[in-house]
Amino acid sequence: MPSAILVSYAGYPYTPSSLTPDNGLANLAGALIGAGYDVRILDYGTVSNMRRLFPEEMTETLKPDVAELMRGEGGAARPSGPQGGPGAEALEQLKQIDAALEQHQAAQMQAIAEEVAEEVRRLKPDFVGFKLWNGDGFTGSVIIAEHLRQEFPSLRIYAGGPQVSWFGEAIYRRTRAFDALLHGEGEQAILELAEHARGKRELATIAGVIYLEDGQPRRVPPTFAVNLDDLPEAVYDEDVYPAMAGDEKIKIIVLDDSRGCPYQCGFCAHPVESGTRLRTASASVLVDRMAAAIEKYGVTAFRFAGSSTPGDLMAEVADEIIERELEVTYTCFGHFASARPDHFERMAQSGLYAIFFGIETGCQEVMDRAVRKGIDLGSVRATVEAAQRAGIFVVTSMIVPLPFDTEETIRESLEFVLRLRPDSAPVQFPGLLPGTPWWREPDKYGFDFDPEQVALVGLDYKIKLLFPPTLWQPLPYKLNGRSFAEFTALTMQFTAELDAGGILVNLPDDNALIAHCAGMTPRQFRDYGRLWCAVGDAEAMGEMVTRTNASILATGNEP
């Protein structure tokens with residue numbers, strides 16, 4: 001029987017939601033199994049892997065100091081030094097610990113690479129497919145792939161995932177371990193790559209593939225043509241997906257409700273990843289998949305993945321859930337252009353716990369010029385208040401600073417959120433991703449950067465949980481003349497002022513849902529989750545995962 005190994009190494013978890021199952025690889029496994037393949041998913045986003053990547057003695061050393069540093073600012077470092085970060089003595093100690101931690105994790109990566117190699121020796125797969133994540137997830141995946149390439153020179157090794165969609169050909173400037181990279185949707189392409197691995201298909205005939213020809217990258221355009229009603233059944237069986245056994249993963253299943261985004265927001269890579277044409281699954285099919293997950297796996301908690309989920313679709317999903325009397329809880333994205341306040345009561349009745357809205361700014365001029373969401377900020381309050389009245393946890397994200405922001409417009413955004421009073425407001429600094437309007441027209445939006453340098457740095461860029469963003473490795477771009485340290489200082493200041501105003505910051509909708517299932521308040525979960533990840537407290541994380549899964553797998557029980 002032909003076989004395949006699918007690998008997801010996302011690195012050390014920087015948020016509890018990093019421990020949820022990988023629906024993308026579960027979909028690919030379903031496609032391959034349907035074609036007669038034996039499949040093994042190796043997912044390293046587990047409690048056990050968190051434990052192995054962070055020595056227990058280091059955890060005990062860090063707990064008191066990091067808890068103090070993080071107190072009161074939504075996970076950002078508490079100001080104590082001249083730049084609003086840890087003082088000089090504490091900073092030096094953290095740097096030493098961070099260096100020791102990197103050395104430990106590098107040694108563990110070599111061990112993980114050998115473990116994957118052992119699976120290749122045992123299963124003798126036709127190919128190995130990697131899902132490439134950012135930061136140390138990318139670095140670690142490259143280490144594994146290069147180890148396999150050295151030991152098994154004839155083995156076909158492919159890769160897809162977010163890093164390929166964003167950085168594409170730049171990956172071949174970092175490594176030549178992959179026979180092909182896949183940009184776009186994998187459910188059909190994985191079968192065609194499987195044919196290539198068996199010598200039955202040329203790479204040039206596979207949509208979305210990037211490969212080397214005479215040493216130079218060649219790209220075949222993606223089609224973004226998958227019908228979401230026809231997706232293969234996602235497979236989470238423990239014999240296929242061993243990480244699903246026990247309480248290694250948080251058992252919230254992600255469902256593909258929509259792909260593609262027509263909005264072309266200035267910062268957003270979703271149109272790059274899945275096309276500019278919005279495609280949706282049918283409400284009945286989505287609820288069929290929820291019912292199947294309940295029946296087969298006992299899972300009652302879900303997250304809808306679409307970034308532009310139409311309000312009417314989610315209302316139809318809610319009606320289907322209520323009609324079938326399914327007892328579920330879930331979260332989804334919303335968009336102010338399609339969300340209807342009169343839908344929210346039914347959505348809440350069906351089990352919608354949280355909804356994520358991207359606002360990004362409270363200044364209409366900056367919204368129109370930099371964000372380009374097509375949102376009238378005057379209508380935002382009514383939508384948010386209607387959702388909250390229905391009992392839905394409302395998350396509204398912000399980006400600070402944005403192109404064209406001034407001291408006055410940032411203050412306007414701050415006052416907007418303080419008046420709006422969302423249940424949570426994640427705040428991000430402005431990220432720069434290939435293919436977005438900001439990337440394509442940097443002069444128009446006030447960015448200054450070398451595209452090749454940003455791509456190469458971005459591939460391995462690591463989030464340093466022990467430090468505030470101002471002390472992370474500087475990203476090589478400027479915005480409005482400000483360096484990375486300068487504009488992230490504005491991000492931190494905005495976050496601190498929201499926190500001082502009583503707004504819960506930096507808790508996205510997926511973590512809000514996990515908190516609900518774990519029986520924790522959103523603020524408790526924000527504070528403890530950030531601390532657990534920062535100090536490597538796998539024991540506390542594991543206890544939370546066990547509580548969460550007990551709730552998720554107990555159909556109809558409230559946490």
Side-chain angles (χ1 to χ4, degrees), residues 8 10 12-23 26 41 43-51 53-54 59 75 234 236-238 241-255 289-290 293-305 326-332 350-356 391-393 395 423-424 426 465 504 506-559:
S8 176
Y12 179 80
Y14 64 90
T15 173
S17 60
S18 300
L19 302 180
T20 53
D22 192 315
N23 67 301
I41 296 175
D43 183 347
Y44 287 90
T46 64
V47 173
S48 291
N49 202 50
M50 179 181 179
R51 183 177 292 112
L53 291 175
F54 213 115
T59 297
Y236 298 97
D237 298 31
E238 293 173 11
Y241 198 151
M244 292 299 292
D247 290 315
E248 291 290 340
K249 306 285 290 180
I250 297 172
K251 294 178 181 178
I252 294 175
I253 286 181
V254 177
L255 301 171
R289 290 171 183 160
M290 297 174 90
I294 294 170
E295 176 68 23
K296 190 171 184 180
Y297 304 113
V299 169
T300 63
F302 302 89
R303 180 171 182 262
F304 287 93
L326 297 184
E327 296 192 51
V328 297
T329 184
Y330 63 99
T331 179
C332 71
S350 74
L352 177 64
Y353 177 73
I355 190 167
F356 180 101
I392 298 169
F393 187 96
V395 179
D423 296 291
S424 174
L465 293 175
L504 178 64
N506 295 342
L507 185 79
D509 61 300
D510 50 1
N511 279 342
L513 178 60
I514 297 170
H516 173 65
C517 294
M520 301 174 69
T521 69
R523 188 171 294 274
Q524 283 177 330
F525 189 84
R526 190 276 311 270
D527 293 342
Y528 282 113
R530 174 71 174 172
L531 178 63
W532 296 336
C533 289
V535 304
D537 195 342
E539 297 309 313
M541 184 74 84
E543 291 172 4
M544 180 276 293
V545 172
T546 299
R547 291 197 309 273
T548 301
N549 287 340
S551 170
I552 290 170
L553 299 176
T555 306
N557 288 353
E558 283 296 313

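- Nearest heavy atom pair, residue Val328 against residue Met290, reads CG2-CE, 3.8 Å.
- The nearest pair of heavy atoms linking Met544 to Ile250 is CE-CD1, 4.1 Å.
- Distance CG/Asn549 to CD/Glu248: 10.5 Å, rounded to 0.5 Å.
- In this structure, Tyr236 and Tyr241 have parallel ring planes: the angle between them is below the 30° cut-off, well short of the 60° mark.
- Using a 4.5 Å heavy-atom cutoff, the side chains of Ile514 and Ile252 are in contact.
- Contact annotation: the side chain of Phe304 approaches that of Leu255 to within less than 4.5 Å [non-hydrogen atoms, C-beta and beyond].
- Residues satisfying the side-chain hydrogen bond (donor to acceptor under 3.5 Å, both in side chains) test with Tyr528, not counting sequence neighbours, are none.
- Nearest heavy atoms, Ala301 versus Cys517: CB-SG, 4.3 Å.
- Heavy-atom minimum distance, Cys533 versus Phe54: O-CE1, 4.4 Å.
- Residue Glu543 holds its CD atom at 11.5 Å from OG1 of Thr548, rounded to the nearest 0.5 Å.
- Looking at Asp423, its side chain never comes within 3.5 Å of a backbone N or O of Leu504 through a donor-acceptor pair.
- Side-chain contact between Asp509 and Arg303: present, with at least one pair of heavy atoms (C-beta onward) separated by less than 4.5 Å.
- Between the side chain of Thr59 and the main chain of Val535, a donor-acceptor pair closer than 3.5 Å is present.
- A distance-only check finds a donor-acceptor pair linking the side chain of Thr300 to the backbone of Ile552 [under 3.5 Å].
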Derivation of the side chain to side chain contact (heavy atoms under 4.5 Å, CB included) call for Val545 and Leu19:
CA-CA 9 Å; Val545 172; Leu19 302 180; 4.0 Å; yes

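- For Tyr14, there are no ring-ring contact (aromatic ring centres under 6.0 Å, His included) partners at least two apart in sequence or on another chain.
- Scanning both residues, Gly529 and Pro16, for their nearest heavy atoms gives CA-CG, 4.0 Å.
- Annotation: the span from Arg523 atom CZ to Ser424 atom OG amounts to 9.0 Å, rounded to 0.5 Å.
- A donor-acceptor contact shorter than 3.5 Å links the side chain of Asn49 to the backbone of Tyr44.
- The OG1 atom of Thr331 sits 13.0 Å away from the CZ atom of Phe302 when rounded to the nearest 0.5 Å.
- Within the 4.5 Å cutoff, no side-chain heavy atoms of Val395 are placed close to those of Leu507.
- Rounding to the nearest 0.5 Å places CG of Asp537 at 10.0 Å from CZ of Arg51.
- One distance of note links OG of Ser350 with OH of Tyr330; it measures 2.5 Å at 0.5 Å rounding.
- Looking at heavy atoms from C-beta onward, Asp237 lies in side-chain contact with Lys296 at the 4.5 angstrom threshold.
- Heavy atoms only, all atoms of each residue included: Met244 and Lys251 are closest at O-NZ, 3.0 Å.
- Checking Thr15 against Asn511 by side-chain atom types alone, a donor-acceptor pair falls below 3.5 Å.
- With a 4.5 Å cut-off on side-chain heavy atoms, Leu352 and Cys332 count as touching.
- In this structure, the side chains of Asp247 and Val47 stay at 4.5 Å or more apart for every pair of heavy atoms.
- Using the six-membered ring where Trp is involved, Phe525 and Trp532 have ring planes that are perpendicular, over 60° apart on the 30 and 60° scheme.
- Using a 4.5 Å heavy-atom cutoff, the side chains of Val299 and Leu553 are in contact.
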